[in-house]
Amino acid sequence: MAAIIEKDTCIGCGACEGTCPVGALSMDDEGKSTCDESACISCGACAGSCPVGAITVE
């Protein structure tokens, strides 16, 4: 399981990127957050930091 980012909701603020303890999040070419599923540990830190609720963790 990994973080799921709703691209239509993401505002590209980067808040999630700074909270990921394993560096699984980065910004894509469109300025939206993206998750490296192979690195994600599903801790939920990113979901808690997203100001618009664009991230869920399953």
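- Taking a 4.5 Å side-chain heavy-atom cut-off between Ile, Leu, Val, Met, Phe, Trp and Tyr, the cluster of Val57 contains only that residue.
- The minimum heavy-atom distance between Glu58 and Ser42, with the atom names listed, is O-OG, 3.8 Å.
- In this structure, SG on Cys40 lies 7.0 Å from CG on Leu25, to the nearest 0.5 angstrom.
- The OG atom of Ser33 sits 5.0 Å away from the CD1 atom of Ile55 when rounded to the nearest 0.5 Å.
- Pairs of residues two or more places apart, or lying in two chains, that qualify as salt bridge (charged side-chain N to carboxylate O under 4.0 Å, His left out) and include a residue from residues 6-34 are Lys7-Asp28.
- Summarising the geometry, atom CD1 belonging to Ile5 is positioned 6.5 Å from atom SG belonging to Cys46; distances are rounded to the nearest 0.5 Å.
- Among residues two or more places apart in sequence or in another chain, the side-chain hydrogen bond (donor to acceptor under 3.5 Å, both in side chains) test is passed with Ser49 by Thr19.
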